[in-house]
A.B. asks: 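The structure that follows is given in the form of structure tokens.
Proteins come first, then strands; the chains are lettered A, B, ... in the order of their sequence lines, and each starts at number 1.
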Amino acid sequence: MRLGRISKAVGVAAAAAIALSACAGNSGGTTPTTAAAASKQGGSATVVEVNAFNTFNPNTADGNTDINSKVSYATHSGFFYIDNKLNVVRNEKFGKMEKVSDDPLTVKYTINDGVKWSDGTPVTAADLVLQWAAFSGYYNDADADGKTGTSYFSYAGDPTGIALTDFPELGDDGRSMTLKYSKPFADWEIAIGGPGIDIPAHVLAKKAGLADTKAFIDLLKGMPRGDSKAPKPANAQLKAMSDLWNTGFDTKTLPADPSLYLSNGPFIVKSVNQDQSLTMVKNKDYNWGPEAQLDEITVRYIGEAPAQVQALKNGEADIIAPQASADTVEQLKALESQGVKVDVGNQLAYDHIDLNYSGPFAEKNVREAFMKAVPRTDIVDKIVKKLDPNAAPLDSQLFVPDQAPYAESAKNNGSSAYQGVDIEGAKKLLNGATPEVRIMYNKDNPNRVDAYSLISESATKAGFKIVDGGLGKSDWGKALGDGSYDATIFGWSNSGVGVSGVPQIFKSGNDSNFNQFSNPEADKLMDELIVTTDKSKQDGLVAQIDKMIWDSAYGLPLFQSVGVDAYSDRITGVKYMPNQTGVWWNFWEWAQK
Amino acid sequence: MAEDASRISAAAGIEPVLEAKGLSQGQIVRKRFLGHSGAIIGLIVFAFIFVLAFTSVGYLGIPGWWKYTHTQVSPLVNGGEPTSSLWPLAWGEHPFGQDRIGRDLFAMTMRGAQQSITIMIVIGLIAGLIGVVVGAISGYFRGWAEAILMRLTDVIIIIPALLLAAVMAQLAGRRDQGSWFASFASTNGVLALGIFLGLISWVALARLMRGEFLSLREREFVDAARISGASNARIIFKHILPNAVGVLIVNVTLTMSAAILTETALSYLGVGVKAPDTSLGLLISQNQQAFATRPWLFWFPGLFIVLICLSINFIGDGLRDAFDPRQKKFNAKKAKDHGGPAVQASAATGLDRPEPEEFRPDGPGHDGPWHDGPSDGTRDQ
Amino acid sequence: MVTYIFRRLVTAALILLGASYFVYLLTAASGDPLEEFRANPSPQKQQLMDARTELLQLDTPAPLRYFKWFGGAVQCLVPFANSCDLGKNIAGQPITEALGNALIQTLTLVTAATVLAILIGITLGIITALRQYSTLDYGVTFMAFLFFSLPIFWVAVLLKEFGAIGFNNFLRNPDVPLPAALGIGVVVGAVTAVAAGGPMRRRLLAGAVAFAFVTAVLIYFSATEWFKTPGLGPVVIAIAGAGIAFAVTLLSAGLKNRKALQSALIAVGVGVVLYFLLQPLLNEATFVMIVVLAIAFVLIGMGIGYLMGGYDRGQSMRAAAITSFLVGFLILLDRYMQAWPSYFNNSRVRGRPIATIGASTPNIQGDFWVLGLDSFTHLILPTLALILISLASYTRFTRASMLEIMNMDYIRTARAKGLSERTVIMRHAFRNALIPIATIVAFDIGALIGGAVITETVFSVRGMGFLFLDGIAHVDPNPVMGVFICVAITAMVFNLIADLAYSALDPRVRVKA
């Protein structure tokens, strides 16, 4: 749950890979869609969230819960946002983000005149510089143990891309900034400047005792890049600002000081009722981007899916996105007669069973036999079919069905050999052997438990001796890759579709390569992959790697996770979104009937 | 208490207790218990469930007569709906239905009932045993033993059961990393949970037993035994314990019925029994979302929890009435009909044992089995 | 006495110290605080883990970390220093702050439930004891055990489905069809017949009257859409008040005491007159005003009783004061009902008043009455759920206690003296039966603070239970310790109070210094 920002980045990484019509390279910028004309302006909606709001800065390690990111998303604007097809949509009304040159990669950001914070101060390059300083970790000079040096901004996201830049060049009008990357970086579009410029530099500067944003820029400009090998004494003013950035925005109630919750987006927070609800009202000044239909959005916190459904049924909530289960979906579907609309869709995650390349599975024959005995269709039918009638077993380790290359790759990668259960085939491959297989999974996740039960039932028929190696929720993660099991069922939350995710999981010796898959040829292809910027070439490479993985009898992907959201007949304009932003992605299109 | 029983008399509003004539305590108790219809029904229902649960799906490797086991997956019949029907009376392939992957709910419910009953009995045994020992030692010997043991109970009583269960669940989730205890806990999750809960639920019993011992040790018959040279052990086991056994049994029963609910609550909170093993509490908490869509998954295990709990409560209630000579059939109407003063004060003494003239620092030892001390969290569960 | 209390407090402090150390270690051992990052393939994984490690100070082993926590917690004992530091939770909120909020949430949730459960439980316990082994006794016993046996999340889900969603749907068009009215009437009639006691004829008569009354009222309500615009009005208040006057007099003084009955009836009359006088004042109501008015009503009642005098002035005063207070309560109820339409049609409520979650409607605006109704509609379901499951303990305990007392010698003596059954029960038996119950109540109040973990979860109330559970889920000892300390201290203090109260109420029990 505390992965808001990261998953957003992951989602975008997915976007980079998904070859949809106007993919990332197209900088023309799609104009934001406007809401259906039929619905009227004004009105209010109540959205249910699981976690309680606790900070106005969703970028910190402690603050990046999904709810904080969502509130920030609704109250801030930036150069782009991500739509439910995982496209990066530019917001030209906010400002312009343009790639000036490819080599070295140089990006220029210009904020339009008239874009301002809710206290009237214009949004300027200083705000961008602040975000850059925080996201890049440029000034940090703490060593790995944290014993020497200073770590200023505690940023939860991935700094690797933005860390390739040096102090930006600033325009004279104070509204533009140019970033130069020392190496090409595929995800430059989403590195900075959106979906929200969320922390105002002038507030931070003032609170740290600086005269204005100019003094702030001068201070940062004057400081060199932090070097953990030669740490310097901490800069008191930057430290004061970063401390404020790290914890100063944490609050469970509405701060008395309005500068701590400034907005530059469609909404502004009006009240926060600790652990109960949060209310946002329309930001009157806002006209630099998609404008909201609703006057007011209230967020309420409900932990459990059944309670969420009942709250929707009772009219206490208008929009919910409970954890999907067959029963929840069925219950929601039953409410359709009352006008409730239900959207079911895929999420950027999938469950899979991986076989270790050691122990009983050291031999390929045994792995293949096991794979033949995994009842994938049965698992899908029983676990996800009720949620999503179109669900089918996932046939690629690297693509998901939403991606164009999926069909082609699935056809050629050899997955066709594992469509149905083939107990006889498995027996033949085993040739009378009865290997003992310990399967590790998270006992506290019902989907995994059920998948285990089905696999164990079927594999036993083929002659395997299955040992239940399920662990509790606090232990299974630690056990990954420790060799105490022979096969494991778990999910990749990053969907493996981002290019940079591929080597993480499949390259020899990498941290997340838990089953020790190793193929020198595939390693080479992966090295090539991460420096390839051409999408179609990338797809070709990924398809090749996919085939190698299947050929080596790696294990099986089982199914893609399913998400659901539902909203009452009072509200229109809600659309399903696979990533962590969820229904919020187009909150401006929500309208009351 | 025992010797009082024979002195029960027929007073106003009190039905003559003919049963007490020339009968031993055991006989009186049995007779009274058998006369308590609620308790008898409870006993029959419980016995039925017990036999059904332990014979149907097998136990400890012994196979049962039911065709499925709780882990066995079979093709979905009838979309998983129960196949049993009342009219025409039929049992069918899956009388209680199936869960989403096709496990037989009857087998699962029976397995769950086994586990819940196991937990209950383990808790009853352990809590009873420790409670008696601690209560007896502190009540009989007093002094520093009492001081230490009672402070220990004070410490344990304020430690939240939920936290202990969470630690327990954590240990049971591990396999072979960690100590022998962890490995025991992971292979015998249910047993370990029962032991663990037993180790924390003895405190209320210990206090009650201490109260009983405190008052009984001052009685004449104990003095008599002591004078005649009986050892402490003999006094405790032969003279005092039999007299305190009523309070003990009643409260153990009620601790047991509370234990089932505690297990349910813990499973609901995700720190109880873990899948793929199952318990009644786990079954209904897993299936609570199915409440509106596949209600059988929710109702059958729920029904068994309620039945077990109800029957145990009634058995406990019956035992309480049977063991407590002070609780006679009092009848206000009859009292009035007698015209009030019609008291046959034949031998109505010795009944009203005053509370011991001593202050119990840990609260009066009322025999409120319902009240298990402040922070054990069972009240809400 | 003072030495005794002092000794108890010192022991309590030592126990707390030991237990808190133990709890801290247990929490720290209860899981892997970094679990959520383990299966995360992000390159930031290590940094996130480091941040969490630093936040929870995981590099200090738990047995030593406790003393760091203890160093902060001890400062809470320094009065007025405002240096209390119980650490922070994972979200970076100071525990002291989180506790403050959670405590309010929990207390609003459980207070009414506990008070009502105690009142209803004791009443039922006494009635079942007086009618031991009657149908009523068996019925109540069965129901009490049944509710006790139900898992609370089950009860909660059912209550939400029928009590909130179903009832709100009903309110949209509050029309009770005739069969339903008859059905409800039959049920109420049957219950009344069972509860009434006495010879069969009397029971049947009571049942029939109840049936006719309930059915008629329901049909009337349905015809006049009473559920949309409820209210009592002076006539109903007068009639109900007269009933109250008789009942109160019966219990407190006996109907033979004419002066007491007259005082009570006069109090009802005064109440009805005040009903008209108070309406404009009540439009401006505040909480303080309601309290002042409640006191005023009691004083008026006492005044009436004093003026009526009689052979037992005290009895008259008591009867009139209680009656007057209850009539005042009826007036309050009526005023709330008057506010119902405006609450019902409030744009935030939108005609679905009974809530399934939370403690109030977000952003609701309105006067004292509307806000009061809002709390009421949010609290009613969790309160009901808590009452149902905790009723059993009070009922059974009171019954046992009462039965024991009813067999005591002094009760027999009281009867032998020729005292009326009312006096015997109310004066001799009831009061003594209350002694052990008083101690349980004290214990339960101590346990109240701990919150109702599951009820809070199901009804989305973020109180103490939620804080505790969340702390365990994140293997974060600070909130767990915060809740634990609060619960343990209140439990211990109330334990002490219970013991002192016991010795004060029961002269046979002495405090041993």
A.B. asks: Between A:Asp318 and C:Arg350, which heavy-atom pair has the shortest distance, and what is it?
C.D. replies: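 Looking at all heavy atoms of both residues, the shortest contact is OD1-NH2, 3.6 Å.
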A.B. asks: Pick one of side chain, backbone, both or neither for C:Val157, based on which atoms fall under 4.5 Å of a heavy atom in chain A.
C.D. replies: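 Its backbone and side chain both get close to chain A.
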A.B. asks: Checking side-chain polar atoms at under 3.5 Å, does A:Glu316 have a donor or acceptor matched by the opposite partner on C:Thr356?
C.D. replies: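 Side chains of A:Glu316 and C:Thr356: pair found under 3.5 Å.
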A.B. asks: Is a donor from one side chain sitting under 3.5 angstrom from an acceptor on the other, for A:Gln276 and C:Gln105?
C.D. replies: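 C:Gln105 and A:Gln276 do have a side-chain donor-acceptor pair below 3.5 Å.
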A.B. asks: C:Arg348: what forms a salt bridge (charged side-chain N to carboxylate O under 4.0 Å, His left out) with it, not counting sequence neighbours?
C.D. replies: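 Checked C:Arg348 against salt bridge (charged side-chain N to carboxylate O under 4.0 Å, His left out); matches are A:Glu296.
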A.B. asks: Which distance, rounded to the nearest 0.5 Å, do you find between the CD of A:Gln274 and the CD of C:Glu97?
C.D. replies: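 Here the interatomic distance stands at 6.0 Å.
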A.B. asks: Can you see which heavy atom on A:Ala307 is nearest to which on C:Lys160, and at what distance?
C.D. replies: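 Nearest pair, atom of A:Ala307 first, then C:Lys160: CB-NZ, 3.5 Å.
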A.B. asks: So which part of C:Ala102 gets closer than 4.5 Å to some heavy atom of chain A, the side chain, the backbone, both or neither?
C.D. replies: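 Neither the backbone nor the side chain of C:Ala102 comes within 4.5 Å of chain A.
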A.B. asks: Please report the C-alpha distance between A:Lys252 and C:Asn101 in whole Å, then the side-chain angles of each, then the deciding distance to 0.1 Å, and finally whether the side chain to side chain contact (heavy atoms under 4.5 Å, CB included) criterion is met.
C.D. replies: CA-CA 10 Å; A:Lys252 289 211 160 199; C:Asn101 184 58; over 6 Å; no
A.B. asks: Heavy-atom distance under 4.5 Å between the side chains of C:Asn363 and A:Ser271, does that happen here?
C.D. replies: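 Yes, their side chains come closer than 4.5 Å.
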A.B. asks: Take atom CZ of C:Phe227 as the centre, draw a 6.0 Å sphere, and report whether it contains more than 12 heavy atoms from other residues, nucleotides or ligands.
C.D. replies: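 Yes - once you tally the heavy atoms of other residues, nucleotides and ligands closer than 6.0 Å, there are more than 12.
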A.B. asks: So for A:Ala317, is it side chain, backbone, both, or neither that comes closer than 4.5 Å to the heavy atoms of chain C?
C.D. replies: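 The answer is neither part of A:Ala317.
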A.B. asks: For C:Thr457, is it the side chain, the backbone, both or neither that has a heavy atom under 4.5 Å from a heavy atom of chain A?
C.D. replies: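 It is both, since atoms from each part get that close.
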A.B. asks: Between A:Thr298 and chain C, with a heavy-atom cut-off of 4.5 Å, which part of the residue counts as in contact: side chain, backbone, both or neither?
C.D. replies: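 For A:Thr298, the contact with chain C is made by the side chain alone.
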A.B. asks: Once you round to the nearest 0.5 Å, how far does CG of C:Leu467 lie from CG of A:Asp275?
C.D. replies: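 Answer for the CG-CG pair, C:Leu467 versus A:Asp275, is 8.5 Å.
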A.B. asks: At a heavy-atom separation under 4.5 Å, does A:Asp250 approach chain C through its side chain, its backbone, both, or neither?
C.D. replies: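 Contact with chain C is through the side chain of A:Asp250 alone.
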A.B. asks: So how far is it from A:Glu304 CD to C:Ser460 OG, rounded to the nearest 0.5 Å?
C.D. replies: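 Going from CD on A:Glu304 over to OG on C:Ser460, the span is 7.5 Å.
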A.B. asks: In Å, rounded to the nearest 0.5 Å, how long is the span from CD1 of C:Ile165 to CG of A:Leu312?
C.D. replies: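 Atom-to-atom, C:Ile165:CD1 and A:Leu312:CG are 9.5 Å apart.
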A.B. asks: In this structure, are over 12 heavy atoms from other groups packed under 6.0 Å from C:Phe22 atom CZ?
C.D. replies: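 Count not over threshold, so no.
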A.B. asks: Where is the tightest heavy-atom contact between A:Arg300 and C:Ser360, given as atom of each residue plus distance?
C.D. replies: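 So the two residues come closest at NH2-O, 3.3 Å.
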A.B. asks: Give, for atom NZ of A:Lys313 and atom CG of C:Asn168, the distance between the pair rounded to the nearest 0.5 Å.
C.D. replies: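 Rounded to the nearest 0.5 Å, the NZ-CG separation comes to 12.0 Å.
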